[in-house]
Amino acid sequence: EVKLVESGGVLVQAGGSLRLPCVASGFTFDDYAIGWFRQTPGKEREGVSCISSSDGTTLYKSSVKGRFTISGDDAKNTVYLQMNSLKPDDTAKYYCAVGGDCGEAMDVIYLTGNIYWGQGTQVTVSS
C-alpha cells in the first residue's frame, strides 16, 4: 500500500522558516517522483516543487524559487521541503504526492502517471 505522511506544519511569522518532511512507504523510492503541492480554501491545488528520485532533477514554481528547496533522503524514504523567507501568501495546506515523473508547463508543476496523495499539513504564515 502506497502511503505518504506529511508533518511539520505550524503557525510561523513572516520571514521565518519551516521544513516539511514527507515520509513515503509502499513503493520503491528510487523509481518515482515526489511533489509538494498546496491548497487554500476556494482555490485549486497548485504544484510548488517536485523532485525526480531517479536523477534528482528538481522543479519549482516561480513564486517559491530561491526560497524553497526540495530534497530527498533515500535511506529514510523521505522528501523534505525547506521553506525560507515565508510570506503570508504561502499560507496553505501542503500535500506531498508521488507519481511517475515531474513535469512543468507555464509555471504549473505537475506529476505524471498514477498519483497518490498524503493527508496534508497546515502551514500558516502570520504577517
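Everything numeric here is computed off the predicted structure, so don't read it as measured data.
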Asker: What is the distance from atom OH of Tyr60 to atom CG of Leu81, rounded to the nearest 0.5 Å?
Answerer: 8.0 Å
Asker: Can you give each donor-acceptor pair under 3.5 Å made by side-chain atoms of residues 5-23, sequence neighbours left out, with the distance rounded to 0.1 Å?
Answerer:
unit_1 : atom_1 : unit_2 : atom_2 : d
Glu6   : OE1    : Gln119 : N      : 3.0
Glu6   : OE1    : Gln119 : NE2    : 3.4
Glu6   : OE1    : Gly120 : N      : 2.9
Glu6   : OE2    : Cys96  : N      : 2.8
Glu6   : OE2    : Gly120 : N      : 3.2
Ser17  : OG     : Asn84  : OD1    : 3.0

Asker: Give, for atom CG of Leu4 and atom CD1 of Ile34, the distance between the pair rounded to the nearest 0.5 Å.
Answerer: 6.0 Å
Asker: To the nearest 0.5 Å, what is the distance between OG (Ser62) and CD (Glu104)?
Answerer: 9.0 Å
Asker: Quick check on the hydrophobic clustering: are Val64 and Val125 connected, directly or via other members, by side-chain heavy-atom contacts under 4.5 Å?
Answerer: yes
Asker: Quick one: are Ser49 and Ile109 in side-chain contact, heavy atoms under 4.5 Å?
Answerer: no
Asker: Can you list every pair that meets salt bridge (charged side-chain N to carboxylate O under 4.0 Å, His left out) and has a residue in residues 90-103, with sequence neighbours left out?
Answerer: Arg38-Asp90, Arg67-Asp90
Asker: Tyr80: which residues meet the ring-ring contact (aromatic ring centres under 6.0 Å, His included) condition with it, sequence neighbours left out?
Answerer: none
Asker: My understanding is that only residues two or more places apart in sequence, or in another chain, count here; which of them pass ring-ring contact (aromatic ring centres under 6.0 Å, His included) with Phe37?
Answerer: Trp117
Asker: Hey, are the side chains of Trp36 and Tyr95 touching, using non-hydrogen atoms and a 4.5 Å cut-off?
Answerer: no
Asker: So do Glu44 and Gln39 actually touch side chain to side chain, heavy atoms under 4.5 Å?
Answerer: no
Asker: Is there a side-chain contact between Thr91 and Gln122 in this structure, where contact means two heavy atoms from C-beta onward sitting under 4.5 Å apart?
Answerer: yes
Asker: Is the shortest heavy-atom distance from the side chain of Ile51 to the side chain of Val79 under 4.5 Å?
Answerer: yes
Asker: Rounded at 0.5 Å granularity, tell me how far OG1 in Thr58 sits from NZ in Lys65.
Answerer: 9.0 Å
Asker: If you count every heavy atom of other residues, nucleotides or ligands that lies below 6.0 Å from Tyr116 atom OH, does the total exceed 12?
Answerer: no
Asker: Identify each donor-acceptor pair in which a side-chain atom of residues 68-75 lies under 3.5 Å from a protein atom, sequence neighbours left out, and give them as a table.
Answerer:
unit_1 : atom_1 : unit_2 : atom_2 : d
Asp73  : OD1    : Ala75  : N      : 3.1
Asp73  : OD1    : Lys76  : N      : 3.3

Asker: Tell me every residue that passes side-chain contact (heavy atoms from CB on, under 4.5 Å) with Ser25, counting only those two or more places apart in sequence or in another chain.
Answerer: Lys3
